[in-house]
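Data block below; observations after.
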Amino acid sequence: MTLFPDMCERVLSESIIGRARAAGKIDVRCTDIRPFTENKHGRVDDYPYGGGMGMVMAAQPIYDCFQSICSERGERPHLIYMSPKGKVLTQARALELSHGDGFAVLCGHYEGVDQRLLDEIVDEEISIGDYVLTGGELPALVLTDTVCRLVPGVLSNDACFEEESHFGGLLEYPQYTRPVEWRGREVPEVLLSGNHAVIERWRHERAVEETEQKRPDMLDIYQGKL
């Protein structure tokens with residue numbers, strides 16, 4: 001649910017997610033909130049009570065938009081509001097959402113959304129980081145991409161994401177491709193050995209090193225689970 005469906009559609013129609021949508025492996029729909037307003041001037045926002053800068057998105061058009069989605073689906077989906085107040089998105093939460101029955105996402109804008117609407121219909125608030133953007137569209141696209149790529153059939157196989165950063169608690173090991181030598185830098189010999197057991201051991205060791213250097217907080221959690 002967004003005030004800028006064309007912006008979202010352009011992103012979601014490209015690359016892996018776009019191909020998965022076209023193939024029917026995932027169903028992602030961008031719904032414009034504006035047609036649902038009952039305001040005679042077509043407005044979806046108004047000045048905040050109590051004063052202050054900016055505008056606040058009104059409850060009525062968002063509520064009616066969500067009710068329309070519920071009717072179209074034949075059930076009420078889990079509703080996520082993208083907000084800097086929410087819990088920060090993790091790979092673990094994305095994986096949980098990918099195993100569910102789908103969800104709806106509300107993109108706020110301006111100074112936010114009438115709190116009464118959030119109290120009435122929102123099930124969960126998610127943030128993509130401790131900073132503020134001009135609207136919820138970019139965070140919603142990040143969430144959608146993160147979750148959809150974990151849906152079976154979207155990537156060629158599960159190994160495409162199971163060895164990536166964050167999935168198993170470590171950052172990913174370094175990757176290399178042709179040529180063997182570039183500007184005096186060579187691919188590690190172990191990757192050319194053909195010995196898969198040795199390669200796997202090397203990759204795990206490099207993953208631990210990467211995590212220790214760049215995200216020691218993650219390594220502490222990973223080692224605590226061993």
From CD1 (I62) to CG (D114), nearest 0.5 Å: 8.5 Å
Taking the side chain as every heavy atom from C-beta outward, state whether E72 and R29 have any atom pair closer than 4.5 Å. yes
Spell out, yes or no, whether I221 and V208 are grouped together once hydrophobic residues are joined by side-chain heavy atoms under 4.5 Å, including indirect joins. no
Backbone N or O of I17 within a donor-acceptor pair of the S15 side chain at under 3.5 Å? no
Hey, does the side chain of R21 reach the backbone of L12 with a donor-acceptor pair shorter than 3.5 angstrom? yes
What distance do E111 atom CD and M55 atom CE have between them, rounded to the nearest 0.5 Å? 10.5 Å
Does a sphere of radius 6.0 Å around CD in E209 hold more than 12 heavy atoms from other residues, nucleotides or ligands, not counting ones at 6.0 Å or beyond? yes
Does atom OH of Y49 have more than 12 heavy-atom neighbours from other groups under 6.0 Å away? no
Does E189 have more than 12 heavy atoms from other residues, nucleotides or ligands lying within 6.0 Å of its CD? no
If I take atom NE2 from residue H109 and atom CG from residue L133, how far apart are they, to the nearest 0.5 angstrom? 10.5 Å
With heavy-atom distances below 4.5 Å as the criterion, would you say the side chains of Y110 and M57 are in contact? yes
So, do L143 and L97 sit near enough that their side-chain heavy atoms are less than 4.5 Å apart? yes
Any chance you could measure T2, atom OG1, to I33, atom CD1, to the nearest 0.5 Å? 6.0 Å
Output the distance between atom CG (L150) and atom NE2 (H99), rounded to the nearest 0.5 Å. 7.5 Å
Distance-only, no hydrogens or angles: does the T37 side chain make a donor-acceptor pair with backbone N or O of R43 under 3.5 Å? yes
For H204, look at atom NE2 and say whether over 12 heavy atoms of other residues, nucleotides or ligands are found less than 6.0 Å away. no
Heavy atoms, side chains only, cut-off 4.5 Å: are E38 and D64 in contact? yes
Does one hydrophobic cluster hold both V56 and F66, with members joined at side-chain heavy-atom distances below 4.5 Å? no
Should I126 and M82 count as side-chain neighbours, where that means a heavy-atom distance under 4.5 Å? yes
Connected via hydrophobic side-chain network under 4.5 Å: I69 and F36: no
Is there a side-chain contact between L171 and M218 (heavy atoms, below 4.5 Å)? yes
Could you see if L138 belongs to whatever hydrophobic cluster contains Y81? Use Ile, Leu, Val, Met, Phe, Trp, Tyr and a side-chain cutoff under 4.5 Å. yes
Cluster link L141 to V132, ILVMFWY, side chain under 4.5 Å: no
Could you check whether any side-chain heavy atom of R203 comes within less than 4.5 Å of a side-chain heavy atom of I199, counting everything from C-beta outward? yes
